[in-house]
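In what follows, a single structure is set out as structure tokens and then discussed.
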Amino acid sequence: MNSYLKNWLWRSLTILVLLGIVAGLWIATKRIDYTWRWNRVPQYFAYHSEDIKTVDFDGLITKIDKKGDLTTVTVKNAISGETSSFIIDTETANVSVDEYLMEGDTVGSTREWKAGPLAHGLWVTLWISAVASVIGLVIGVVTGLCRVSQNLTLRQLSITYIEIIRGTPLLVQLFIFYFFLGTVLNIGRLPSGIFALGIFAGAYVAEIIRAGIQSIPKGQMEAARSLGMNVPQAMIYIILPQAFKRTLPPLAGQFISLIKDSSLVSVIAITDLTKSGREVITSTFAVFEIWFVVAFLYLILTFSLSQVVAWIERRLAVSD
Amino acid sequence: MIKTVDLEKIFVVRDQVVRAVDGITTHIKSGEVVVVIGPSGSGKSTYLRCLNGLEPLTAGHVHIDGIDLANRKTDMNKVRREVGMVFQQFNLFPHKTVLENLVLAQMKVRKRSRKEAEKKGRALLDKVGIPEKESNYPSQLSGGQQQRVAIARALAMDPKVMLFDEPTSALDPEMVGEVLEVMKQLAREGMTMVVVTHEMGFAREVADRVLFMDYGKLVEEGTPEHFFTEPQEERAKLFLRQVL
Ligand SMILES: Nc1ncnc2c1ncn2[C@@H]1O[C@H](COP(=O)(O)OP(=O)(O)O)[C@@H](O)[C@H]1O
Ligand SMILES: [Mg+2]
């Protein structure tokens with residue numbers, strides 16, 4: 001009971017400190033006369049687009065058929081006698097039967113929600129990261145296996161790859177991929193960016209996988225071999241599943257990094273979340289709001305990933 | 001069944017040359033139970049591991065059912081499925097249930113159907129006395145139970161020979177008996193066995209022959225009666241005084 005109360009006191013203190021920081025930021029922006037326009041942010045996620053339907057001929061409305069939210073308006077061309085139908089939202093319908101419409105007159109309109117640039121950017125970041133993660137995982141597992149292989153050439157090649165990738169900045173790699181490989185191999189900016197990210201992550205994944213494989217006691221391989229399994233079988237059924245379980249936390253960290261690092265692809269003009277944020281800012285000047293929102297969106301992505309991983313870890317823990 | 005001719009295994013670690021197995025010639029007949037004893041570091045494990053090709057030979061030959069392991073064309077995986085091995089540290093697969101431990105290699109190596117493999121697995125768990133643990137994970141079993149599962153796992157491959165490397169050395173004393181009991185039963189059923197152990201009682205009771213190793217060499221060999229009552233070699237006498 002006592003410790004329970006004590007915990008609550010500390011928790012309240014945490015909240016108090018966080019609120020203090022927020023208040024401090026708020027006061028700081030007050031002093032530079034920044035006007036917050038949070039209300040302008042939502043429209044960049046999704047907006048209601050209105051598609052106005054007009055007639056491109058003169059004609060007479062012959063029929064209005066209301067069906068729930070949608071209404072079909074039938075107009076008869078005054079000259080040719082042909083009829084055309086327009087489907088509009090019922091609430092926008094303010095025409096009546098036998099009304100005569102001139103060319104360019106409005107019949108009504110349909111409205112629909114459209115994804116704004118931030119939602120679009122979020123989606124791009126999400127799928128770029130997902131594809132790059134898969135590429136990184138495949139490259140990483142293969143390289144990690146080469147790294148522990150008996151074959152000297154495979155070992156040396158994998159070490160070379162790992163050292164080059166880990167020893168150079170991702171930003172520079174992105175430029176090389178985009179300007180050099182993109183031009184030489186004639187691939188677009190999107191594949192260039194995704195491959196650069198995947199190959200970058202692969203080098204780190206390889207080291208994680210290598211450490212994971214080497215952390216499995218030698219006896220496991222020997223037991224598998226003594227049962228007549230060959231090396232690939234022993235790897236696939238015995239070593240890798242155990243290594244995967246042990247490397248899940250560092251792998252998750254790597255993929256979380258990948259999501260964050262993907263923001264760099266905005267420099268080669270891929271419209272990911274970061275680039276979308278920059279574009280929205282040029283039209284709204286809501287600099288602070290948008291960057292906070294962008295940061296928050298990245299946080300949602302990384303947090304969701306770590307929750308998924310925690311769930312997998314709990315599932316795998318049954319054999320402990 | 002198993003013939004070794006001038007078997008040699010040399011480890012070189014940083015210019016240090018260790019002659020772990022130094023010219024051993026033996027013949028182990030089908031159905032025979034051979035117990036290998038000797039001081040720690042005398043090369044018993046290495047000898048055993050040469051018999052199923054876990055250690056590549058430096059020189060000499062190992063013939064299993066007429067197949068020479070020293071021949072580069074020999075398919076080691078084919079040989080190993082005929083030679084079961086039980087380790088001091090059990091080496092069960094921790095991410096698989098007990099039954100899965102028994103089923104996996106049957107399916108992947110012997111190409112048995114799951115149904116067939118599970119049937120065999122259950123029968124063997126019954127035989128080693130833990131039928132109720134099939135869906136447990138190894139970590140939920142006692143040491144003695146884990147070692148019995150490991151024996152069952154090796155038996156599931158229908159091996160012609162079973163190798164045991166100090167199967168009871170990692171066990172708490174009260175669990176040694178249950179594992180030895182399973183091994184005795186196997187011996188009674190006529191399994192060919194090579195057992196490295198410090199359990200002299202087991203050697204006396206079950207062994208057809210005792211091999212005494214020291215410094216990688218086969219120093220003395222004979223029936224248990226001979227070996228335990230009138231050993232000829234000085235080193236064997238010294239060793240027996242220490243362990244008995
Ligand atoms: N993988 C290895 N690398 C280097 N030396 C080894 C290796 N395995 C065993 N040895 C050496 O070989 C000798 C015999 O070892 P081992 O066969 O394990 O003896 P025992 O099982 O009788 O205790 C020891 O001196 C040991 O240090
Ligand atoms: Mg040993």
Side-chain angles (χ1 to χ4, degrees), chain A residues 137 141 144-145 148-152 154-155 205 208-252 308-320, chain B residues 45 48-49 51-56 75-98 100-111 135-141 146 149-159 161-165 170:
Chain A
L137 191 62
V141 170
L145 286 172
V148 296
S149 129
Q150 301 283 331
N151 185 304
L152 186 62
L154 287 180
R155 275 207 311 276
V205 171
I208 294 171
I209 297 283
R210 175 194 60 78
I213 291 173
Q214 289 177 341
S215 77
I216 305 301
K218 261 178 67 190
Q220 289 292 307
M221 182 53 111
E222 291 182 348
R225 300 302 305 273
S226 78
L227 290 167
M229 291 191 211
N230 55 32
V231 174
Q233 285 175 329
M235 269 292 166
I236 292 169
Y237 301 114
I238 308 301
I239 307 295
L240 284 179
Q242 294 182 57
F244 176 71
K245 185 172 155 187
R246 290 196 188 181
T247 53
L248 200 56
L251 276 181
V308 170
V309 171
W311 177 77
I312 298 175
E313 264 185 282
R314 279 199 299 278
R315 299 230 16 202
L316 289 178
V318 289
S319 64
D320 288 338
Chain B
S45 299
L48 212 57
R49 293 155 58 84
L51 296 187
N52 74 345
L54 273 185
E55 298 285 359
D75 183 350
M76 283 298 178
N77 299 319
K78 266 200 179 128
V79 175
R80 289 200 191 99
R81 68 181 73 157
E82 311 295 342
V83 182
M85 185 153 189
V86 176
F87 302 84
Q88 185 176 351
Q89 299 298 339
F90 328 137
N91 296 346
L92 292 178
F93 306 133
H95 60 304
K96 302 223 169 265
T97 63
V98 165
E100 277 295 315
N101 264 276
L102 270 64
V103 162
L104 183 69
Q106 290 192 65
M107 289 175 64
K108 301 302 170 194
V109 178
R110 288 280 189 212
K111 309 288 179 207
S135 38
N136 286 81
Y137 284 93
S139 59
Q140 299 159 337
L141 269 55
Q146 290 191 48
V149 172
I151 294 173
R153 179 178 68 180
L155 289 175
M157 302 301 288
D158 292 320
V161 191
M162 286 283 284
L163 311 177
F164 295 83
D165 190 1

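A, B, ... follow the sequence lines: proteins, then strands. Residue 1 opens every chain.
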Given the rule in the side-chain contact (heavy atoms from CB on, under 4.5 Å) test, do Asn101(B) and Val98(B) qualify, once you have shown the distances and angles that lead to the verdict? CA-CA 5 Å; Asn101(B) 264 276; Val98(B) 165; 5.6 Å; no
Determine whether Leu248(A) and Val309(A) satisfy the following criterion, side-chain contact (heavy atoms from CB on, under 4.5 Å), listing intermediate values before the conclusion. CA-CA 8 Å; Leu248(A) 200 56; Val309(A) 171; 4.0 Å; yes
Passes side-chain contact (heavy atoms from CB on, under 4.5 Å), Met162(B) versus Ile151(B)? Steps please. CA-CA 9 Å; Met162(B) 286 283 284; Ile151(B) 294 173; 4.2 Å; yes
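In this structure, chain A has no heavy atom under 4.5 Å from any part of Lys78(B). Contacts of Leu92(B) with chain A are made by backbone atoms alone, with heavy-atom separations under 4.5 Å and no side-chain atom involved. Of the two parts of Gln106(B), neither the backbone nor the side chain holds a non-hydrogen atom closer than 4.5 Å to a non-hydrogen atom of chain A. Only the side chain of Phe87(B) has a heavy atom closer than 4.5 Å to any heavy atom of chain A. With a 4.5 angstrom heavy-atom cutoff, Val231(A) does not touch chain B via any of its atoms.
For residues 216-241 of chain A, the salt bridge (charged side-chain N to carboxylate O under 4.0 Å, His left out) pairs, not counting sequence neighbours, are Glu222(A)-Arg49(B).
If you tally non-hydrogen atom pairs under 4.5 Å between each of Arg153(B), Gln140(B), Met85(B) and chain A, the highest count goes to Arg153(B). In terms of heavy-atom pairs under 4.5 angstrom with chain A, the leader among Ala156(B), Ser139(B), Pro159(B) is Ser139(B). Among Gly228(A), Gly219(A), Ala224(A), the residue with the largest count of heavy-atom pairs under 4.5 Å with chain B is Gly228(A).
Using a cutoff of 4.0 Å between basic side-chain nitrogens and carboxylate oxygens, Arg81(B) and Asp75(B) are not scored as salt-bridged.
Using modelled atom types, one finds no donor on one side chain facing an acceptor on the other under 3.5 Å when comparing Ser226(A) with Asn52(B).
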